[in-house]
Amino acid sequence: MKRKEMLAMLLAGGQGSRLYVLTQEMAKPAVPFGGKYRIIDFPLSNCTNSGIDTVGVLTQYRPLELHSYIGNGQPWDLDRMNGGVHILPPYVSGSTGEWYAGTANAIYQNIEFIEKYNPEYVLILSGDHVYKMDYSKMLAFHKEKNADATIATLQVPIEEASRFGIINAHDDDCIYEFEEKPPHPKSDRASMGIYVFTWEKLRKYLIEDEADPNSSKDFGKDVLPKMLNAGERMFAYPFEGYWKDVGTIESLWEANMDLLNPKIPLNMSDPDWRIYARHDHNLMPQYIGKNVQIGESMVTENCTLNGCSLWYSVLFNGVSIEEGTSLNSAVVMQGAKIGKNCTIKYAIIANDAVIEDGAVIGAEPEHYHDGEWGIAVIGSGAVVKAGQVVRPKEMIKPNTVKEGE
Amino acid sequence: MNALGIIFCDHYSENTPKNELIQSRTPAALPYAGRYRTIDFALSGMVNAGISDIGVICKENYGSLLDHLGSGEDWDLNRRKGGIMLLTPLSRPEHTTATRGRLDALRAVKGFIAGLNHELVVMAFGGTVANIDLEAMMEEHLKNDAYLTVAYSRIPAGAGEMMVHSMADGRIESITYKQSGTREVGNFAIGAYVMSKKDLMEFLEEADNNDYTNMNRELIQKNLPTRKICGYEHNGYARIIRTVEEYYAASMDMLDPKAKMDLFAAERPVYTKVKDSVPTLYDYHAIVENSLIADGCTIKGTVKNSVIFRGVTVEEGAVVEDSILMQRSVVGKNAKVSRTITDKNVTVSEDCEMQGTAALPFVIGKGKKV
């Protein structure tokens, strides 16, 4: 088989427990985003746009939705004769066989897959970030620095730096220290969880780490510190642009709102760097009927809007909204049905939810104390009965009914 | 069902009406309802009836059609066996003057039809806008033990269209042609036919021997007294688009929820080429009413009673009313566009005013800047 210079391993097994009701039925990378995408579309599209044609997707938690979404990889141009997308769930071999115990262990268990392509470099990605990035530039940086490992970093405001894994590097970007969520950060360079490794080196450390009974088999906690202590050449690649970890309800909602803000540099319609997605094939254009007030919003195919007002909101395909209903700062996912005279503010409504007439969901943060307010979330397929109130921060579980006592 | 599909892309009419929209593209490739091309209806109809061997007969100007169809993947027709076969004029050099008629075009692909192992042949016109239940039509054809089944619909149609007159048992008694241009309603053939392959091959043999070129005359008219030729009534929405006026009217019909639901019947989905466009973005100043809008648009101005295709930009202060804006059209700041059809990639400059009438919509040709 022809040798691949670099292949990508995408860690997509995470549950995303901080997305609560949104990830009860699917893994985090499969969570819908931005009207017609899933979070995993970003790393997959970045791969294809960066010229990486071989991607292993490591799945574990609730993989059905993700597996059927990825399919043969055709939407991302990853259905290749040699390479393409490969789904790599945990497997049993003989009497041994186990779940992926950590991010490093997940890659360790797929050494055989990687070796098949005999790559010089391996790119490690995760499936929970929204960003556009040219990995080929990061690889060029890795080669130029003659590095063993390169970690992509983003400059964050120093007052927020203690929320991130912080990388301390010399002026030449050579890393001398890692600090996980430091209370007093020395630098504002946060790790983005994107790594390029020289495969020979990574292979050696994965095998060593696997044999270490005290290791938690995690890249950030175990493998990277071990490499640094052993004096390997590790560099911090400076990334500039939009990047967002959408691991919480609030950050997922914010990232959707960011799409509506022209000042935010996440241009989804750049023909030179498209974000690809698996589309439904039989969708009509959207229909905007009479007396609709609409502004600062994104609407997708097959939506039907009549007599409603829609501000600062993102509608996925097949959403219908009836007369007298107002939406403000809401994200409404595929196929949700919203009845008449509803008031919906600061909310995420998941796919196929039904909001009956007169329901009130969420509220503006202004009237609430710290900690009391949050985005209201309606799980997929849930029903909010007529006139019911769903308070801010409240979450309705998938396929349940919210009704009066 | 074990059937072969044949789609005709052209009108093959001696007096093809003047239509600026099909000057540069085959009628089957006419953009429709915001994201479709008219051939999607015939193709999807066949796919929904379980047909996976489809020959598409093109005559000329089929560049945009080739681009649209690609490998056939979007209709699930990129098969190892079967799928879409494009039957272009150069693949049948002895019939390069296929303008002689639809029958001549069919004779030219006799080898293609003969080479496949099917019981029935379904023929359809790629310029018809209708979601015909071809499976039911084939069943009725077999049940009637008919020689030929002709689909018709009770619709308004233009001059030159074939009207069918049926007897109580569904057999067609006679056919006539509409002469005047009035939009009176009648039972008009909508371009779909079912025949057994055996009967079709025999007929094509006879047609070759006698150099027949006119399908309506030789296949239908002549055989009415002796063969069992039946009508199949399509009850849903149907239009045959020949003129700009007919195109405009059929497009505006899609703003009527009933006609739209009827044409895009959920049990028979209409498939089309998928593009990676982003959702449509509505600006703070957008005013939108009674319009069909595809993805990838940026709406900053006013849009009323219009059909907007993918990737269109309507700038601030611009007003678009009763119009059809095809893919990637741009309407500049404070421009006014009314009863106008802009073809693909048209730019209407700032402060420009365009106005047509319903009877004569103003057409701006592909890629033009006004």
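Note that the structure is predicted; figures quoted are calculated from it, not measured.
Top candidate by heavy-atom pairs under 4.5 Å with chain B, chosen from A/Pro271, A/Pro262, A/Gly289, is A/Gly289. Contacts with chain B were tallied for A/Lys290, A/His279, A/Met268; A/His279 has the most, counting heavy-atom pairs under 4.5 Å. No other option in A/Leu260, A/Leu259, A/Leu283 has as many heavy-atom pairs under 4.5 Å with chain B as A/Leu283. Comparing B/Tyr36, B/Trp75, B/Phe309, B/Tyr284 by heavy-atom pairs within less than 4.5 Å of chain A, the highest count is held by B/Tyr284. Comparing A/Gly34, A/Ser269, A/Ser297 by how many heavy-atom pairs each has under 4.5 Å with chain B, the most go to A/Ser297. When A/Glu301, A/Gln74, A/Arg274 are compared by the number of non-hydrogen pairs under 4.5 Å with chain B, A/Glu301 comes out ahead. Contact count versus chain A (heavy atoms, under 4.5 Å) is highest, among B/Ala294, B/Ser291, B/Ser44, B/Pro269, for B/Ser291.
Judged by distance alone, with hydrogens and angles left aside, the side-chain atoms of A/Lys36 form a donor-acceptor pair with the main-chain N or O of B/Ser277 at under 3.5 Å.
For the side chain to side chain contact (heavy atoms under 4.5 Å, CB included) with A/Gln286, the lone residue among B/Asp295, B/Leu292, B/Val288, B/Ile308 that qualifies is B/Asp295.
With a 4.5 Å cut-off on side-chain heavy atoms, A/Tyr287 and B/Asn290 count as touching. No side-chain heavy atom of B/Tyr282 sits under 4.5 Å from any side-chain heavy atom of A/Ser313.
Proximity to chain A is limited to the side chain of B/Lys260, based on heavy atoms less than 4.5 angstrom apart. Proximity to chain A is limited to the backbone of B/Ala33, based on heavy atoms less than 4.5 angstrom apart. In this structure, no portion of A/Phe316 lies under 4.5 Å from any heavy atom of chain B.
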